[in-house]
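The next block holds one structure in the form of structure tokens; read it before the comments.
A, B, ... follow the sequence lines: proteins, then strands. Residue 1 opens every chain.
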Protein chains: 2
Amino acid sequence: MEAPEVTETTPELACPIAPIVDIVFSRWTTPILWSLNEYGRQRFVELHRRIATITPKVLTQRLRQLERDGLITRTYHAEVPPRVEYEISELGRSLGPMFATLAEWSPNLAKVADARAHYDDRSRSSAR
Amino acid sequence: MEAPEVTETTPELACPIAPIVDIVFSRWTTPILWSLNEYGRQRFVELHRRIATITPKVLTQRLRQLERDGLITRTYHAEVPPRVEYEISELGRSLGPMFATLAEWSPNLAKVADARAHYDDRSRSSAR
DNA sequence: CTGAATCCAATACGATACTG
DNA sequence: CAGTATCGTATTGGATTCAG
């Protein structure tokens with residue numbers, strides 16, 4: 001579990017948004033943040049059910065990372081059985097506009113699919 | 001019987017923006033797209049110089065991927081020595097607002113740094 | 001110059017079993 | 001329930017070399 005330093009400078013001087021991408025768009029973080037932002041506070045199992053293809057181990061890792069980055073909060077209730085609730089933080093909620101802008105780009109996914117079909121087609125006929 | 005599985009089992013269904021993240025924010029794609037969008041058409045070496053920490057192999061891989069997705073165009077000039085120019089496509093240019101929204105979140109990076117410091121500090125004092 | 005080919009290391013991920 | 005521990009695998013990226 002590595003966390004790139006926020007103060008990272010050298011590699012991506014060419015791209016000022018790279019640090020944000022590392023924090024917000026690393027693997028699995030998008031579904032997690034989206035779920036918490038969309039459906040509110042949830043327990044571990046609820047998140048796991050919603051993102052069924054992730055393993056508990058990795059889900060835990062990503063949740064810890066997001067908690068450490070201050071994007072979500074973790075509340076432990078010492079009951080039997082134990083209950084843990086995750087909730088998006090205020091900082092995490094500030095990502096809303098970003099997600100909205102992303103979602104607005106969705107119609108272009110069809111163009112990507114077309115481009116891929118074209119590219120693969122031309123590659124197949126060796127027109128390069 | 002057909003019933004396409006529309007259950008919320010895949011990350012994509014739990015998070016509609018996941019496909020976009022895969023395309024736009026996979027590794028190295030952000031600096032590449034940013035450079036081409038910001039500084040215009042560039043040759044392979046220019047990109048390589050700008051993103052100095054990437055190896056030629058990986059740069060080539062990522063450029064091919066972006067070309068296949070229709071986000072950039074590749075122009076080969078059969079000269080000696082050969083000259084290849086990469087340019088952002090119209091589809092790629094449509095990512096501009098997304099990048100702008102990302103950039104606007106930059107001030108929050110300080111909060112992430114603070115959150116990390118807090119988290120690491122509390123972990124060190126075993127207050128968990 | 002623009003890559004392709006090959007080999008190698010790191011590590012992230014999945015599967016499984018187990019605990020408080 | 002909410003994880004942790006351990007192991008094995010698989011993908012990815014880096015280093016190096018070479019070619020059209």
Counting just side-chain N and O atoms, does Tyr76(A) come under 4.0 Å of either OP1 or OP2 of dG20(C)? no
Please confirm whether the shortest side-chain N or O distance from Tyr86(B) to OP1 or OP2 of dG3(C) is below 4.0 Å. yes
Take atom CD of Glu85(B) and atom P of dT2(C), then tell me their distance rounded to the nearest Å. 9 Å
Under 4.0 Å: is that the gap between some side-chain N or O of Arg27(B) and OP1 or OP2 of dT12(D)? no
Quick one: His77(B) NE2 to dT2(C) P, roughly how many Å, whole number? 10 Å
Report whether Val45(B) and Ile32(B) are members of the same hydrophobic cluster (ILVMFWY, side-chain heavy atoms less than 4.5 Å apart, transitive linking). no
Using the rule that two of Ile, Leu, Val, Met, Phe, Trp, Tyr join whenever any of their side-chain heavy atoms come within less than 4.5 Å, decide whether Leu109(A) and Val21(B) are in one cluster. yes
Whole angstroms only, please: what is the NE2-P distance between His48(B) and dG13(D)? 15 Å
Applying the side chain to side chain contact (heavy atoms under 4.5 Å, CB included) test to Ile17(A), which of Leu33(B), Thr101(B), Leu102(B) qualifies? Leu102(B)
Please give, in whole Å, the distance from dT2(C) P to Arg83(B) CZ? 9 Å
Mind listing the N/O atom pairs, protein and nucleotides 4-6 of chain C, below 3.5 Å?
residue: dA4(C); atom: OP1; partner: Arg64(B); partner atom: NH2; Å: 3.3

Any sub-3.5 Å donor-acceptor pair from Glu38(B)'s side-chain atoms to Leu36(B)'s backbone N or O? no
Would you mind reading off the distance between Gln65(A) atom CD and dA12(C) atom C1', rounded to a whole angstrom? 12 Å
Non-hydrogen side-chain atoms of Asp69(A) and Arg116(B) separated by less than 4.5 Å: yes
dG3(D), OP1 or OP2 - any side-chain N/O from Arg74(A) closer than 4.0 Å? yes
Just by modelled atom types, is the Val24(B) backbone N or O under 3.5 Å from a matching donor or acceptor in the Thr29(B) side chain? yes
Would you say Ile54(A) and Leu47(A) make side-chain contact, with heavy atoms under 4.5 Å? no
Using rotation axes that map the C1' atoms of four end pairs onto the next four (five pairs an end), what angle separates the end axes of the helix from dC1(C)-dG20(D) to dG20(C)-dC1(D), to 10°? 50°
Report the C-alpha distance between Phe25(B) and Met98(B) in whole Å, list the side-chain angles of each, state the deciding distance to 0.1 Å, and finish with yes or no for side-chain contact (heavy atoms from CB on, under 4.5 Å). CA-CA 11 Å; Phe25(B) 297 112; Met98(B) 259 176 46; 3.6 Å; yes
Listed nucleotide nearest any side-chain atom of Pro82(B), set dA15(D), dG3(D), dT2(C): dT2(C)
Between dT2(C) atom P and Glu67(B) atom CD, what is the distance in whole Å? 15 Å
Gap between atoms CZ and P, on Arg49(A) and dA2(D) respectively (whole Å): 9 Å
Cut-off 3.5 Å, side chains only: do Arg62(B) and Gln65(B) have a donor facing an acceptor? yes
Between Val58(B) and Leu63(A), the residue closer to the 5' end of DNA chain D by nearest nucleotide is Leu63(A)
To the nearest Å, how far apart are Asp22(B) CG and dT12(D) P? 11 Å
